[in-house]
Amino acid sequence: MNILLLGSGGREDALAWRLNQSPSCDRLIAAPGNPGIERWAECHALDPCDPAALVALAKAHAIDLIVVGPEAPLVAGVADAARAAGIATFGPSAAAAMLEGSKGFTKDLCARAGIPTAAYVRVKTAAAALAALDDFSVPVVIKADGLAAGKGVTVAMTRAEAEAAICAAGDGPMVIEAFLEGEEASLFALVDGTRCVVLASAQDHKRVGEGDTGPNTGGMGAYSPAPVLTPALEAQAMREIVEPTARAMAKAGTPFSGILFAGLMLTSDGPSLIEYNVRFGDPECEAIMPRIEGDFADLLHAVATGADFAAPSLSPKHSMTVIVAASGYPGTPRKGGTIAALDTAATDGTIIFHAGTARDGDRLVASGGRVLAVTALGENLRDAATRAYRAVDAIDFADGFHRRDIGWRELERQG
Ligand code: AMP
Ligand code: GLY
């Protein structure tokens, strides 16, 4: 089949790499793609949020399947437009993308369906938010409601901090919720209507600094699997969180189809939902793709078309992704720095995905905050880390920086 992949980051480079290896993939094109994706796909400079242009591109290339990488096109209704044009699409409708687009929507759904999540209230004004604080102890969590790409969340340790966050946010929809104690893990499930199967688990590091300190980022590294999410906890999360969510969405007339990324807190009472994303995680996707065996394109096509699908077999190996970011990230990243030696840096079982790169004549340069997603498979997490960091160290990118401690929690546990 012919496949059109939407997006331009490290997540999409990993998806393109994996799709391109699928026996059922005859031709892969990407919009807009990036210099890494060019290795596996023909790239077309097109806005992935423009439904009419994408449908025209898909028709011109006899596309059998569209795979949507980022959330913005989903929220913009690209999947709806593609399906209306008769093109199978992996990714939820705009209505189902509300699971990521609105935290309040998801919290209300959890309350209706009895899904474990932190106690909460929804408010519309700063005054109401300040008043609502009386019902919570600290720490307390303040979330702006809307597509925030992981930003707009304050975990306030004191009442004064909570008040400051509310005043800084001003009026607007907000969710105030109780603080959940535990370790975070991510569960990725393939969902079509009420059918749900586990794809893989992962953990990421959101803070920019070593020891998980400093400002939040999109993610500075990830690894898969997340052994802390044991088979028993994973089954519990599917039963108590993912499956009832799928049923509630179907019952509401807005069935979900695509990948559902559940951000979980593993509390002493079991897994609790922190948030949903309606797309693959970035950099979790880069860590997961090398573990997936079998015909991945065929699997996504089955989910997209309502055909039968089963959980893919996963390599028992462990995978780690280390992000190399441009200095200044997550503030103002320095763009234009030269990147070299990628071909020699990636050796056995290591692959360097491009997250934010561009071509400038003959040079490869940084064009975004997160620049490279260096990924390695290993017999265990330590082995994967050794290989990934060996590649990171061989890359020539003077303007870049990375964290040296990706996977530290799990590496400590594994000894
Ligand atoms: P979110 O955008 O909802 O995923 O929140 C971003 C981050 O804030 C999460 O990854 C958690 O680290 C933290 N967080 C969000 N909600 C809670 C909560 N209720 N309790 C503890 N930490 C939270
Ligand atoms: N790495 C977290 C995310 O993709 O939202």
Side-chain angles (χ1 to χ4, degrees), residues 7 9-12 14-15 69-72 74-75 97 99-107 110 115-122 136-157 161-162 165 169 174-188 200-208 212-224 226 259-269 271-289 321-323 325 329-330 353 355 369-370 373 403 406 409:
R11 166 182 49 213
E12 288 76 27
L15 287 170
E71 61 275 22
L74 295 167
V75 172
L99 284 174
E100 175 164 355
S102 165
K103 293 183 190 292
F105 171 88
T106 297
K107 296 296 284 189
C110 288
I115 293 168
T117 189
Y120 73 104
V121 290
R122 294 177 77 170
F136 291 87
S137 54
V138 288
V140 61
V141 184
I142 321 287
K143 301 183 175 184
D145 200 358
L147 257 197
K151 300 187 186 80
V153 175
T154 303
V155 178
M157 302 314 286
E161 228 182 290
M174 248 180 278
V175 173
I176 316 282
E177 65 177 56
F179 178 77
L180 295 169
E181 190 111 38
E183 184 164 340
E184 287 180 54
S186 301
L187 178 60
F188 293 84
S201 65
Q203 282 183 293
D204 78 338
H205 294 269
K206 291 199 173 71
R207 305 299 194 102
V208 73
D212 296 318
T213 55
N216 261 318
T217 70
M220 292 299 290
Y223 48 98
S224 175
I259 185 95
L260 189 57
F261 163 3
L264 304 175
M265 190 68 88
L266 305 180
T267 74
S268 52
D269 293 331
S272 184
L273 181 73
I274 301 175
E275 64 154 357
Y276 277 127
N277 295 299
V278 299
R279 35 115 191 137
F280 285 98
D282 193 347
E284 291 90 335
C285 186
E286 292 93 309
I288 290 170
M289 285 305 122
T321 297
V322 178
I323 291 291
Y329 179 72
F353 295 117
R370 294 185 293 175
R403 276 180 60 167
I406 300 305
R409 265 177 223 281

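Just the heavy atoms: all of them, side chains too, but no hydrogens, waters or symmetry mates, feed the values below. Ligands are counted one by one from 1 in listed order, and the atoms in each one are counted from 1 as well. Note that the numbering runs from 1 along the sequence shown for the chain. Because the structure is a prediction, the values reported are computed rather than measured.
- Contacts between Phe280 and ligand 2, counted as non-hydrogen atom pairs separated by less than 4.0 Å, are absent for every part of the residue.
- Salt-bridge annotation for Lys143 and Asp145: absent, with no side-chain N of the basic residue lying under 4.0 Å from a carboxylate O of the acidic one.
- Tested against Ser224, the residues Ile288, Asp204, Thr321 include a single side-chain contact (heavy atoms from CB on, under 4.5 Å) partner, Ile288.
- Of the polar atoms of Gly219, none of the N or O atoms is found under 3.5 Å from an N or O of ligand 2, judged by distance alone.
- Here is the list of ligand 2 atoms found below 4.0 Å of a heavy atom in Glu284: 1 (N), 2 (C), 4 (O).
- Close approach of ligand 2 to Gly281 is summarised as follows: ligand atoms under 4.0 Å from at least one heavy atom of the residue are 4 (O).
- Interface of Arg279 with ligand 2, defined as ligand atoms under 4.0 Å from a residue heavy atom, comprises 3 (C), 4 (O), 5 (O).
- Near Ile274, meaning under 4.0 Å from any of its heavy atoms, are these atoms of ligand 1: 3 (O), 4 (O), 15 (C), 16 (N).
- Between Ala178 and ligand 1, at least one N/O pair is under 3.5 Å apart.
- Proximity of Val141 to ligand 1, defined as any heavy-atom pair under 4.0 Å, is confined to the side chain (atoms from C-beta onward).
- At under 3.5 Å, not a single nitrogen or oxygen of Met265, backbone or side chain, sits near a nitrogen or oxygen of ligand 1.
- Using a 4.0 Å cut-off to heavy atoms of Asp204, the atoms of ligand 2 that qualify are 1 (N), 2 (C).
- When only interatomic distances are considered, the shortest N/O to N/O separation between Lys206 and ligand 2 does not fall below 3.5 Å.
- Ligand 1 lies nowhere less than 4.0 angstrom from a heavy atom belonging to Glu181.
- Listed by number with element, the atoms of ligand 2 under 4.0 Å from a non-hydrogen atom of Gly218 are 1 (N), 2 (C).
- Atom CD of Glu181 sits in a sparse spot, with 12 or fewer heavy atoms from other residues, nucleotides or ligands closer than 6.0 Å.
- The shortest non-hydrogen separation linking Phe261 to Phe280 is CD2-C, 4.2 Å.
- Interatomic distance, Glu275 CD to Thr117 OG1, rounded to the nearest 0.5 Å: 10.5 Å.
- Note that CZ of Phe188 is 8.0 Å distant from CZ of Arg279, once rounded to the nearest 0.5 Å.
- Each of the atoms 3 (C), 4 (O), 5 (O) of ligand 2 lies under 4.0 Å from some heavy atom of Phe261.
- Taking all heavy atoms of Glu177, Glu184, Lys143 into account, the minimum distance to atom 10 (O) of ligand 1 is reached by Glu184.
- Taking a cut-off of under 4.0 Å to the non-hydrogen atoms of Phe179, the atoms of ligand 1 that pass are 20 (N), 21 (C).
- Taking both residues in full, the closest heavy atoms of Ile142 and Ala162 are given as CD1-CB, 4.1 Å, listed atom of the first, atom of the second, then distance.
- Summarising the geometry of Gln203 relative to Ala226, their closest heavy-atom pair is CG-CB, 3.6 Å, with the distance given to 0.1 Å.
- Contact between Ser272 and Thr267 at its shortest, heavy atoms only, is CB-CG2, 4.1 Å.
- Closest approach of Glu284 to Ser186, counting heavy atoms only: OE2-OG, 4.0 Å.
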